[in-house]
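This report refers to the structure that appears directly beneath it.
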Amino acid sequence: MRTTARTRAALVAGCLLLAGAAAGCGDDNDDKADPMRGQQWALDALELPDAWQQAKGDDTVIAVVDSGVDLGHPDLEDRLVDGYDFVDGDKRPEDGFGHGTHVAGIAAADTDNGKGIAGGAPGAKIMPVRVMGDDGSGSNANITKGIVWAADHGADVINLSLGEGPLMSNLLQGGILNRAIQHAHDKGAVVVAAAGNDGAATQPYKVGTPVLVVGASDQKGRPADFSNFGAQDAVSAPGVQILSTLPTYTVELTKKNDSGYGKLDGTSMAAPHVAAVAALLHQQGKDPDAIMKTIRDTTKDPGSQKRLGLGVVDAKAAVDAADD
């Protein structure tokens, strides 16, 4: 099954364009601006910089259950905790495809380090769990194991940017993945999942499964044309031309771009933005049910844009509500 981001998305050598430098995109000093921050329109659309005044996701672990992570990426290496590789069966979940590295950077890239980009939850840690191979595919069995492993090893938020192909129909039927998500919830983890990229109305998870489904919106706050919609209590977040980290070595998504950064489209990119907001609320002491409810209750009114579900997430409103 294919579980990658929308492949029509353009990769850009953003680091080279901005600084004429290698993947690091800056020096090693802390408390220095991230040079590519100006290209991250999504952070501002979600009101994340304002939300950081109250919480940054400290003491929170976000599990990225995906294709692994570039473990030596200069914008990620200091944010990592131990993970696991269910494809190769070892403790080095190195990304052989590129998707997981992009997702991880959106969620919690190193911030104010003078390099690259800012993460959505600058205080959070990333737990890389590899369940997808070098071709971007993964089995239900490995995805299930990855979710359960992450929950059992201390993940507070679990991101599932796996929203394409047969995966959705399997989840709809209420199989083992639904049970894994319920297990994670029962262990105290919030599960955030991409809605999928077929541009179709769908209910990807069995009704009642404790998961926060995320569709994609564009720079104007409209639903992205590729985003699935119609899931129960789904929300939306930016998922078009999203700049994030990519592996600093050659994999499928970096064959024409070795800068360490690039832009992708997809609900796969929308979900980790919401995982970041969940991390901020976790720092504020909210449990999984309260986190999901707060995010849903504080979305921006979608008006007539029903494909946005409950609306685009508003991080500042969410952390303000959590403080009430």
Side-chain angles (χ1 to χ4, degrees), residues 5 11-15 18-19 21-46 48-49 51-52 55-58 60-64 66-81 83 93-95 98-129 157 159 161 192 237-239 241-249 253-254 257 259-264 266 268-280 283 315:
L11 296 176
V12 296
C15 184
L18 282 175
C25 254
D27 59 31
D28 294 327
N29 297 327
D30 291 335
D31 301 320
K32 293 181 70 69
D34 304 293
M36 303 175 78
R37 168 67 182 87
Q39 297 185 56
Q40 294 181 272
W41 69 269
L43 300 183
D44 301 306
L46 292 167
L48 272 163
W52 295 338
K56 293 186 176 181
D58 296 353
T60 303
V61 174
I62 302 173
V64 176
D66 211 288
S67 63
V69 168
D70 177 355
L71 304 177
H73 197 291
D75 235 353
L76 296 174
E77 59 183 348
D78 291 339
R79 310 309 307 161
L80 301 177
V81 300
E94 195 79 56
D95 191 354
H99 190 267
T101 299
H102 200 269
V103 169
I106 294 168
D110 213 342
T111 302
D112 291 334
N113 64 340
K115 302 174 184 177
I117 64 167
K125 295 289 189 178
I126 300 162
M127 176 189 287
V129 181
V157 181
N159 187 86
S161 287
V192 180
Q241 288 291 285
I242 302 301
L243 177 67
S244 187
T245 45
L246 285 171
T248 51
Y249 44 84
L253 292 184
T254 62
N257 172 20
S259 72
Y261 299 89
K263 292 179 181 178
L264 292 174
S268 285
M269 286 62 254
H273 283 115
V274 179
V277 178
L280 271 55
Q283 179 189 336

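In what follows, residues are counted from 1 in the order of the sequence shown.
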- Item | Under 3.5 Å side-chain donor-acceptor pair for Thr101 and Asp95 | yes
- For the student: nearest non-hydrogen atoms of Pro238 and Ala42, plus distance: CB-CB, 3.4 Å
- Note on the structure: To the nearest 0.5 Å, atom CG of Leu264 lies from atom CE of Met269 at 5.0 Å
- Backbone N or O of Ile117 within a donor-acceptor pair of the Asp75 side chain at under 3.5 Å? yes
- Rounded to the nearest 0.5 Å, the NZ atom of Lys115 sits from the NE2 atom of His73 at a distance of 10.0 Å
- Item | Gln39 (side chain) donor-acceptor with Leu243 (main chain) under 3.5 angstrom | no
- Closest heavy-atom pair and its distance - Leu280, Ala51: CD2-CB, 3.8 Å
- Are the side chain of Trp52 and the backbone of Gly120 linked by a donor-acceptor contact shorter than 3.5 Å? yes
- Item | Leu46 versus Ala237, closest heavy-atom pair with distance | CD2-CB, 4.3 Å
- Heavy-atom closest pair, residues Tyr261 and Gly116: OH-CA, 3.3 Å
- Once you round to the nearest 0.5 Å, how far does OG1 of Thr245 lie from NE2 of His102? 7.0 Å
- Item | Shortest non-hydrogen separation from Ala276 to Ile62 and the atoms involved | CA-CD1, 4.4 Å
- Tightest non-hydrogen contact, residues Val277 and Ala315, listed as CG2-CB, 3.9 Å
- Straight-line distance of Lys263 NZ to Asn257 CG, nearest 0.5 Å: 11.5 Å
- Task: Just jot down the side chain to side chain donor-acceptor pair (under 3.5 Å) partners of Asp58, sequence neighbours excluded, or say none.
- Result: none
- side chain to side chain contact (heavy atoms under 4.5 Å, CB included) partner of Asp70, chosen from Thr248, Leu246, Leu80: Thr248
- Message: Quick one about Tyr249 and Glu94 (side-chain donor to acceptor, distance below 3.5 Å, no hydrogens or angles considered), yes or no?
- Response: yes
- Message: Between Ser161 (side chain only) and Ser268 (backbone N and O only), is there a donor and an acceptor less than 3.5 Å apart?
- Response: yes
- Item | Approximate separation, where rounding is to 0.5 Å, of Arg37 CZ and Leu43 CG | 4.5 Å
- Is the shortest heavy-atom distance from the side chain of Leu253 to the side chain of Pro247 under 4.5 Å? no
- Item | Polar side-chain atom of Asp110 near backbone of Leu76 as donor-acceptor pair, under 3.5 Å | no
- Query: Just by distance, do the side chain of Lys125 and the backbone of Asp78 share a donor-acceptor pair under 3.5 Å?
  - Reply: yes
- Message: Is there a side chain to side chain contact (heavy atoms under 4.5 Å, CB included) between Asp112 and Asp34? Walk through the geometry before answering.
- Response: CA-CA 5 Å; Asp112 291 334; Asp34 304 293; 3.8 Å; yes
- Using the side chain to side chain contact (heavy atoms under 4.5 Å, CB included) rule, pick out the option among Val192, Ile242, Asn159 that qualifies with Pro272. Asn159
